[in-house]
Amino acid sequence: MTDVTMLWTAVYIAMLAAFTGYVVISRVPSILHTPLMSGSNFIHGIVLVGAMVALGLATTPLEQGIGFVAVILGAANVTGGYVVTERILQMFDRSGKKPKKEV
Amino acid sequence: MAELSWLIEPVYIVTIFFFIIGMQRMSHPLTARSGIVWAGAAMLIATIVTFFTPNLTNLALIAIAIVIGGGFGYIAAKRVAMTDMPQMIALYNGMGGGAAAGISAVALLGTTTATTGSLAVVGGLIGAVSFTGSIVAFLKLQGWMRPRPITFPGQHIVNTLVLALAVISGVLVIAQPSWIPLSVTMYLPLFFVLSLGFGLLMTLPIGGADMPVVISMYNAFTGLAVALDGFSFATPNYAMVVAGIIVGAAGSLLTLNMARAMNRSLSNVFFGAFGATEEKGVAIQGSMKSIEADDVAVLLAYADKVIIAPGYGMAVAQAQQKVKELTDLLESRNIPVKFAIHPVAGRMPGHMNVLLAEAGVAYDHLFDRDEINPEFPSTDVVLVIGANDVVNPAAHRQGSPLFGMPILDVEQAKNVIVLKRGQGRGFAGIENDLFYRDNTRMLYGDAQESVGKLVQAIKKL
């Protein structure tokens, strides 16, 4: 793919994705703002797969070092983002009648 | 494992589909919990198939890094108290930004075309800014750094200069003009140092009260950086592109909604150094009058209508369970109790809703600012539990740093009881007129203890 075609493909994708993000969040009650911020924080943890590829294709020690740190950061973004969101949303779960006591 | 590489694209497409479904479900209270599980499953399969990328080496290093980072993220997030969630979101967001900056750095050290290089530079800049900016936000909320705005003369000029230099060095990284006898290994560190520095400088002058908006904006930044970095590879990573753009768009909208809830423009948040300046020449009339729990109990027990306005102090004192007890007790005496939830009460929008939901207070008891404000004049007792800036009537007075911020008009109630640890100021560092009003009484002490005393005293009546 040439650079120019790639750029236009990117613009199409960006437009549709931006619209999706906008629509998904446009009618959210304010009560869910924090979990959604946390949830979208988790979703950009997809940066992990990019970091994995960057490290996996790295050749020089410098590239490997930076890639290694990037994978650590990305992995922390993923697990931390998931657990935080899960813990916040747990409180919205009305099926288990007794909320767990925080210590 | 390269023979399985054909799996990558279809799995990424499924991942994106799950992400969208997950976010969709997270936007409704009833399905919210399952939303994160959908997104989590998608992330897991995406991570696994990425190992099938052709020519991938350093597999052991990748695995070790995932264990270290993932382990830290998991343990820290499990251990942290519910009240500290806002800064954890900031921290993990910063890490995502840092990872994006790292990907850009690796890409720029290798071979890039003008297009992929430019996208990597922009992604690197945004990612680096999000990284240091989020870390400052984390430090301020965690209390490891002074939460009030840090300002110095000529700050805007210095910040603009640093950003301009970062952009120029970024251009040099791509263009590498032959008339400057320096190699890319010289520009690249300079570019990242300047970008990281700008994130730091940009966040220092922002006060703690504005942090929710800032975290949300850096969240959108990281999303954008991830999307741009998706193009920095030989074959574009569309999972990163699409997920990043979705977060960027959703995050931007969320940021605007939050800023609107505080009646503040984004430029005001970023350049206003909110709370740094003291209002001059306005002496507050009256004095602060304290009250004992027993007297408050009498007021409550014989009230016709009670409204509770919670704030960050309730979160700190972990008083939500006691508040729920008090609510049940008053309702058993046929006294209607409502909760007035300011959009930015606590450290982020929805913070109070989350805590009250945790304690088992039903949704239909919670009212937002516009719904509840007309009710204050007909209310006998308002309990302000650890809220400060969001109930400060100074917001109605021109010249106050809070001027224009929509507040809960609790001062219109017949009696206002403020539960407060001591005589300190709110997060914005501004004196609160409410505490000096004739119809206001202060009930000093830890909110959990105070509400506990109220419950005991009412039971005896």
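Chain letters run A, B, ... following the sequence lines, proteins first and then strands; every chain starts at 1.
- A heavy-atom distance below 4.5 Å is found between the side chains of B:Val242 and A:Ile13.
- With a 4.5 angstrom heavy-atom cutoff, B:Tyr12 touches chain A only via side-chain atoms.
- Note: A:Leu36 CG to B:Leu254 CG = 6.5 Å, rounded to the nearest 0.5 Å.
- For a residue to count as touching a neighbouring chain, one of its non-hydrogen atoms must lie under 4.5 Å from one of that chain's; by this rule A:Ser26 touches chain B with backbone and side chain alike.
- Neither the backbone nor the side chain of B:Ala76 comes within contact range of chain A; no heavy atoms are under 4.5 Å apart.
- With a threshold of 4.5 angstrom between heavy atoms, B:Tyr74 approaches chain A through its backbone and through its side chain.
- Considering B:Ile89, B:Asn219, B:Ile36 in turn, B:Ile89 is the only one that fulfils the side chain to side chain contact (heavy atoms under 4.5 Å, CB included) rule with A:Ser38.
- Using a 4.5 Å cut-off on side-chain heavy atoms (C-beta onward), B:Asn93 and A:Asn77 make no contact.
- Nearest approach of A:Ile66 to B:Leu109, heavy atoms of both residues: CD1-CD1, 3.9 Å.
- Using a 4.5 Å cut-off between heavy atoms, A:Ile43 touches chain B through backbone and side chain atoms alike.
- In this structure, CD in B:Gln24 is found 11.0 Å from CD1 in A:Ile25, a value given to the nearest 0.5 Å.
- Between B:Asn58 and A:Phe68, every side-chain heavy-atom pair lies at or beyond the 4.5 Å cut-off.
- For B:Phe72, the part lying under 4.5 angstrom from a heavy atom of chain A is the side chain only.
- The two residues A:Gly81 and B:Tyr92 have their closest heavy-atom pair at N-CD1, 4.0 Å.
- Between B:Ile66 and A:Met52 the shortest side-chain heavy-atom distance falls below 4.5 Å.
- Of all heavy-atom pairs spanning A:Gly80 and B:Ala77, the tightest one is O-CB, 3.9 Å.
- Annotation: side chain of A:Tyr82 is not in contact with side chain of B:Met43 (no heavy-atom distance under 4.5 Å).
- Interface remark: A:Val47 contributes backbone and side-chain atoms alike to the contact with chain B (heavy atom separation under 4.5 Å).
- With a 4.5 Å cut-off on non-hydrogen atoms, B:Ala39 touches chain A through its backbone and its side chain both.
- For B:Phe231 against A:Ala10, the heavy-atom pair with the smallest separation is CZ-CB, 3.0 Å.
- For the residue pair B:Gly102 and A:Ala70, the shortest heavy atom distance occurs at CA-CB, 4.3 Å.
- Remark: the backbone N or O of B:Met85 is not paired with any side-chain donor or acceptor of A:Arg87 at under 3.5 angstrom.
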